Number of protein chains: 2
Amino acid sequence: MNSFTEENYIKAIYKLNESDNASVTTNAIAEQMHTKAASVTDMLKKLFVKKLIHYQKYRGVTLTVKGEKTALNIIRKHRLWEMFLVEKFNFKWDEVHDVAEQLEHIQSDKLIEELDKFLNYPKADPHGDPIPDAKGKLHIQKSKMLSLLNVNDNCIMTGVVDHSTPFLQYLERCGLVLGNEIKIKEILTFDKSLQITVNKKNSLFISNDVAKNILVTLK
Amino acid sequence: MNSFTEENYIKAIYKLNESDNASVTTNAIAEQMHTKAASVTDMLKKLFVKKLIHYQKYRGVTLTVKGEKTALNIIRKHRLWEMFLVEKFNFKWDEVHDVAEQLEHIQSDKLIEELDKFLNYPKADPHGDPIPDAKGKLHIQKSKMLSLLNVNDNCIMTGVVDHSTPFLQYLERCGLVLGNEIKIKEILTFDKSLQITVNKKNSLFISNDVAKNILVTLK
DNA sequence: TAAAATTTTTAGACTTGTCTAAAAATCAGT
DNA sequence: ACTGATTTTTAGACAAGTCTAAAAATTTTA
């Protein structure tokens, strides 16, 4: 079994990796955990021995499959408890975090099963953040701004930020409607505009501002 | 704030003191906590510095008022969580303990308030163990077998174990009916039979078997 | 009431997770 | 490609909680 501290490191690594999908640096973890880089290095060695992370000195870390499973289990518990506190115990969204942070470490499979049942098996918490199932699988993806993805990422359009008519009309003319597949071919360095394909055919350029207003989930 | 470990020691001391109401020994705590006497001594020094216990070397410990308040708060949380698990999450009584043992350390006043409200402010858990209120006050007493008390203990009769007619008729003849005050005058060593008074007048002897079938709460 | 048995405490060591300060490795700018 | 800045790691120390072995105090027993 992993200690509370180990669980918190795993979760921090998962979150840092989630946003940029790159190898996570020692300093980034130190900042996230409100601790010092030296302490992080010590812990990384331990997590490496336990085969929870891939780690090479000076090279940052990523989670192993085992580490990711561990992370998803903690996140599952955290998000289910947040739902519970809000829906059943009259917590406001800004009040839940600290308590869920404690509750997520409680060890009991039956408790989490029953909690899930009690909440009617929610697929996402009210933030739109997906709740992994008991096997650690995410059934829905949190949507992100298209502008945050990288070259060669493949995604499905799921929403827009700007709902103005001119914008929506522009999108329709480009074939950018809900459900279509968007692949990023290139991101130009000088203005961060994107070359994309829609449904593997239509190739076009969109500005970074446009990309910021398109919500997608990774495929 | 106290650590999990400190809280567990406080709870252990409370429980050990509850049954016999005497100064609690180092070895008794060590056994209860599944640890070694040397570790207990170390912790006792810490709890003494924090003014949670009265402690003199080699003389055992009792809780201070502050320590007792701390204990009652943990017990309140423990028993509320047990109720919750049984009533809302389909736990059996033998399944709740380990989980409640973890949940009792969660720090959040609002959480416990809402939990209490959610359960409709229960006064006792289904074991009959009383749940302290938010101020640490016990509104009902757990009833025990009269045979477990000591000389000079004073109590009120609250129930019986054996409900057979002959037994109840015998009790009535002795004046042993619900609500009457029983004081233990003497416990004979050779057969553990008891000399008692009922309502400070009638003095009589009852066998230990009879005493085992009379439920009382301490006054 | 003195010796024997038991309980409790002390002393010193180990583990986990943390820190500071200094050394080593990597990265950035020219 | 070199130099300086930054990041990461190492080394050594500390606090909490635990342990074993030995010493000290208390209790039991004869």
Side-chain angles (χ1 to χ4, degrees), chain A residues 1-14 16-17 19-20 22-63 67 70-71 74 101-102 104-105 107 189-190, chain B residues 1-13 16-17 19-20 22-63 67 70-71 74 101-102 104-105 107 189:
Chain A
M1 206 70 295
N2 308 309
S3 70
F4 281 24
T5 313
E6 286 166 345
E7 289 195 353
N8 285 332
Y9 272 94
I10 292 287
K11 195 176 57 160
I13 294 167
Y14 182 91
L16 291 167
N17 174 265
S19 53
D20 61 6
S23 184
V24 177
T25 66
T26 303
N27 263 358
I29 299 169
E31 196 182 340
Q32 176 86 13
M33 303 278 302
H34 305 108
T35 182
K36 296 299 155 77
S39 312
V40 175
T41 301
D42 288 344
M43 181 56 79
L44 294 183
K45 286 180 191 162
K46 256 183 70 180
L47 297 177
F48 178 69
V49 169
K50 288 184 144 198
K51 297 188 197 295
L52 291 161
I53 58 172
H54 299 293
Y55 173 51
Q56 281 178 275
K57 275 196 201 175
Y58 298 101
R59 286 277 113 102
V61 298
T62 54
L63 293 175
T70 306
I74 302 163
E101 203 84 347
Q102 298 179 63
E104 75 190 5
H105 299 293
Q107 305 281 356
T189 42
F190 74 97
Chain B
M1 205 69 302
N2 308 309
S3 69
F4 281 23
T5 313
E6 286 166 345
E7 289 195 353
N8 285 331
Y9 271 95
I10 292 287
K11 195 176 58 159
I13 295 167
L16 291 167
N17 175 266
S19 53
D20 61 7
S23 184
V24 177
T25 65
T26 302
N27 263 358
I29 299 169
E31 197 182 339
Q32 176 86 17
M33 304 278 302
H34 305 107
T35 182
K36 296 297 155 77
S39 312
V40 174
T41 301
D42 289 344
M43 181 55 81
L44 295 182
K45 286 181 192 161
K46 255 182 72 180
L47 297 177
F48 179 69
V49 170
K50 287 186 143 194
K51 295 188 200 293
L52 291 161
I53 58 172
H54 300 292
Y55 174 52
Q56 282 178 274
K57 274 195 203 177
Y58 299 99
R59 285 277 111 103
V61 298
T62 54
L63 293 174
T70 306
I74 302 163
E101 202 84 346
Q102 298 178 62
E104 74 192 6
H105 299 294
Q107 306 280 356
T189 43

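Because the structure is a prediction, the values reported are computed rather than measured. Letters A, B, ... are given to chains in the order of the sequence lines, protein chains preceding strands, and every chain is numbered from 1. Both backbone and side-chain heavy atoms feed into the values below; hydrogens, waters and symmetry mates do not.
A:Ser39 has a side-chain polar atom (N or O) that falls below the 4.0 Å cut-off from OP1 or OP2 of C:dC19. For D:dC19, one of the phosphate oxygens OP1 or OP2 lies less than 4.0 angstrom from a side-chain nitrogen or oxygen of B:Thr35.
Taking the side chain to side chain contact (heavy atoms under 4.5 Å, CB included) definition, one finds that B:Glu101 meets it with B:Lys11, B:His78, B:His97, B:Glu104, sequence neighbours left out. By the side chain to side chain contact (heavy atoms under 4.5 Å, CB included) test, A:Glu7 pairs with A:Asn2, A:Ile74, A:His105, A:Gln107, sequence neighbours left out. By the side chain to side chain contact (heavy atoms under 4.5 Å, CB included) test, A:Lys51 is found to be paired with no residue, residues two or more places apart in sequence or in another chain being considered. Applying the salt bridge (Lys or Arg N to Asp or Glu O under 4.0 Å) criterion to B:Lys50, with sequence neighbours excluded, gives B:Glu6.
Shortest non-hydrogen contact noted between B:Ala71 and B:Leu63 is CB-CD1, 4.0 Å.
Using a 4.0 Å cut-off on heavy atoms, the residues of residues 49-61 of chain A that approach DNA chain D are A:Tyr55, A:Lys57, A:Tyr58, listed by number. Of the residues in residues 23-33 of chain B, not one places a heavy atom less than 4.0 Å from an atom of DNA chain D.
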Residues 30-43 of chain B side chain polar contacts: donor-acceptor under 3.5 Å, at least two apart:
{"unit_1": "B:Thr41", "atom_1": "OG1", "unit_2": "B:Ala37", "atom_2": "O", "d": "3.2"}

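The nearest whole Å value for the distance from the NZ atom in A:Lys36 to the C1' atom in C:dT20 is 8 Å. For the pair A:Asp42 CG and C:dT16 P, the interatomic distance rounds to 12 Å; values are reported in whole Å.
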